[in-house]
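Below is one structure, written out as structure tokens; comments come after it.
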Amino acid sequence: MVQSISILAGQNKDGNPEHFKRIDILRGEIVGVVGPTGSGKSALVEDIEQLAQSDTPTHRKILINNMIPEQDMRFNPKKKLVAQLSQNMNFIADMSVEEFLLLHSRCRNKNPNLIEKVIQHANMLTGEPIKKEMNLTVLSGGQSRSLMVADVAFISDSPVVLIDEIENAGIKKHEALQLLSGYGKIVLVVTHDPLLALLTRRRIIMENGGIKKIFDTTGEERLLCDMLYRIDKELFKVREMVRQGEEVSACFKWDGSYSNHVDFVVQN
Amino acid sequence: MNVVIVAGTPGAGKTAVLLHTLRHLLEQQKLISIAKVDCLYTDDHIRFQKIGIPTLLGLSKDMCPDHFTIFNLSEMVEFAQKNNSDMLIVETAGLCHRCAPYTTNSLGVCVIDATSGPNTPLKVGPFLSTANVVAITKGDIISQAEREIFRERILEMNPGCRIIEANGLTGKGAAELANYFSESSGFDCETEELRHNAPFSICTLCVGETRILKNYHRGVLRHMDGIHEYTGE
Ligand SMILES: Nc1nc2c(ncn2[C@@H]2O[C@H](COP(=O)(O)OP(=O)(O)OP(=O)(O)O)[C@@H](O)[C@H]2O)c(=O)[nH]1
Ligand SMILES: Nc1ncnc2c1ncn2[C@@H]1O[C@H](COP(=O)(O)OP(=O)(O)O)[C@@H](O)[C@H]1O
Ligand SMILES: [Mg+2]
Ligand SMILES: [Mg+2]
């Protein structure tokens, strides 16, 4: 059981040491990874995926439960640590949702009864219901991503989930993250989406291939995040109303300050 | 000298993954030569030459590209020796599913496209099942579940292989692959043998017959019902 992952400092692209000693991430934690393109976000995630031991270009070391992981854990492909989700991912298998989930659960030696649970949770993340007899390839973007999240939560064994840019995925992002972390996964979110970034308890800031700093989400940011979350929920409703061909009626009241409240309520 | 043979179906991502892997190897000051084989056309050699690596190109034309690769392997080794390289990397043409060009002491790398469907690992045969390292590409556009199913199918076909989830666009997996390339392989042209024999059906089609009717054909032939026969003198 993976209780914690630790990142021990390495070096940036110029070979200068990173200014931290170690970062410990615990089971169930959601951590953001931010920084411009080319700053080393993917390299960091790759270090974790490979359980780097000073043998990658970053020279970082990764510990599992405070120890150097055994060789088997590094090289046995069945013990891969990181499961990935991004908005570019699609289902390509030509089969029904049910057949597919059964195939995946068989492949992971999981109880086939789990698939009901996967579909049920996926349906909490999307506005359009997924039915088990639907063909995978006809699912909408939102349905696909919801199913992927629920599948990773229940069927994939990987203790770490990497979420790479799901900002336009058309799912309830907040709930998706809660679902994953709630089942004990460590969630790394590579994102520029303010809602996702502020949702994390802390975020790793990348620059020039190195970890520049680790930033704890401030109280003010958390307040702002709550408001963004509420707006996001309302937006989700508007999107569904538009999809259903309904007329949207809503009012948007804001007193101009961040610390007070935003009133943006969709009436149905 | 290390010899690395990189095989895979057309467009699987062999060159894309190699270009990223080469960057890591060049950073480690490795001296590398490349040989690329294709059937009729390729511009891969230009892509390799652009990053400063001496590249030998072979077009197999009328010969089976897999046989061509095997037949010319010693010439490729000579090319790399002349360049004083520590490593020869051979990128094959997109292979048919019946051949595997790996020799006993080369590093056999199979590049396989994850978007080709979950049954592909069951179909591709010896170039997957006799590889040392399997690099799975294009995982960035399919779901985690499909990646896991694909990985499982590969292990069914080749339980001892090392799997890398690579990405030809971002370079994911390239550092790990570069480490494998550098492991010494003990290649020796004089004694080297194929791990898996090439198909041995020799028939009149191989020497240019174009008529399709059965009675024009001689040689080692196999019928739709699976019956294998030799017709001829
Ligand atoms: N999405 C995605 N595309 C990739 C990936 N790897 C390669 N590609 C794309 O796939 C196409 C074919 O890649 P190549 O590297 O030329 O394939 P190849 O196996 O060398 O092809 P041949 O030498 O012609 O047999 C290119 O357009 C690449 O950009 C990957 O991991 N993900
Ligand atoms: N610490 C480092 N030392 C050397 N090279 C690095 C380091 N970090 C990242 N790189 C390289 O820099 C490039 C860009 O990094 P990448 O992780 O893809 O950035 P991002 O995902 O933030 O866009 C990659 O080729 C990567 O291998
Ligand atoms: Mg990246
Ligand atoms: Mg190529």
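Below, chain A is the first sequence line, B the second, and so on; all start at residue 1. Quick caveat: nothing in here was measured; it's all calculated off a predicted structure.
Heavy-atom proximity under 4.5 angstrom to chain B picks out F100(A), L103(A), H104(A) from residues 96-104 of chain A. Taking 4.5 Å as the heavy-atom cut-off, the residues of residues 108-122 of chain A that approach chain B are R108(A), ordered by number. Along residues 50-60 of chain A, the residues that come nearer than 4.5 angstrom to chain B, judged on non-hydrogen atoms, are Q50(A), D55(A), P57(A) in order of number.
At a 4.5 Å heavy-atom cutoff, V161(A) makes no contact with chain B through either its backbone or its side chain. At a 4.5 Å heavy-atom cutoff, the contact between L155(B) and chain A is made by side-chain atoms alone. Of the two parts of D151(A), only the side chain, counted from C-beta on, holds a non-hydrogen atom closer than 4.5 Å to a non-hydrogen atom of chain B. The part of R151(B) that comes within reach of chain A is its side chain, from C-beta onward, which places non-hydrogen atoms under 4.5 angstrom from that chain. Only the side chain of N179(B) comes within contact range of chain A, with heavy atoms under 4.5 Å apart.
The closest side-chain donor-acceptor pair between R147(B) and Q144(B) falls under 3.5 angstrom.
For E183(B), the CD atom sits in a packed shell: over 12 heavy atoms of surrounding residues, nucleotides or ligands are nearer than 6.0 Å. Residue I68(A) places its CD1 atom among 12 or fewer non-hydrogen atoms of other residues, nucleotides or ligands, all under 6.0 Å distant. For CD of Q28(B), the number of neighbouring non-hydrogen atoms (other residues, nucleotides, ligands) closer than 6.0 Å is greater than 12. The environment of K61(A) atom NZ is sparse: at most 12 non-hydrogen atoms of other residues, nucleotides or ligands sit within 6.0 angstrom.
The two residues F79(B) and S33(B) make their nearest non-hydrogen contact at CE2-CB, 4.0 Å. Considering every non-hydrogen atom in both L88(B) and A35(B), the closest pair reads CD1-N, 4.2 Å.
Of the possible polar contacts, one joining the E146(B) side chain to the S143(B) backbone as a donor-acceptor pair under 3.5 Å is found. Within the 3.5 Å criterion, the main-chain N or O of S158(A) finds a donor-acceptor partner in the side chain of K185(A). Although no hydrogens or angles enter the test, the distance criterion places no donor-acceptor pair under 3.5 Å between the side chain of Y102(B) and the main chain of I5(B). Side-chain atoms of D164(A) never come within 3.5 Å of backbone atoms of S86(A) as a donor-acceptor pair (strictly under, hydrogens ignored). A distance-only check finds a donor-acceptor pair linking the side chain of K41(A) to the backbone of G35(A) [under 3.5 Å]. Between the side chain of T120(B) and the backbone N or O of S116(B) there is at least one donor-acceptor pair closer than 3.5 Å. Judged purely by atom type and a 3.5 angstrom limit, R145(A) has no side-chain atom pairing as donor or acceptor with the backbone of I171(A). Formation of a donor-acceptor pair under 3.5 Å by the K172(B) side chain with backbone atoms of A43(A) is not found in this model. Of the possible donor and acceptor atoms, one in the side chain of T69(B) sits under 3.5 Å from a partner among the backbone N and O of P65(B).
For residues 102-118 of chain B, the salt bridge (Lys or Arg N to Asp or Glu O under 4.0 Å) pairs, not counting sequence neighbours, are D113(B)-K138(B).
Options M89(A), E46(A), E49(A) differ in how many heavy-atom pairs under 4.5 Å they form with chain B, and the most are formed by M89(A). Highest contact tally toward chain B, considering only N90(A), L147(A), V152(A), is held by N90(A) [criterion: heavy-atom pairs under 4.5 Å]. Per-residue heavy-atom pair counts under 4.5 Å with chain A were compared for G173(B), G139(B), G171(B), A175(B), and the maximum is reached by G173(B).
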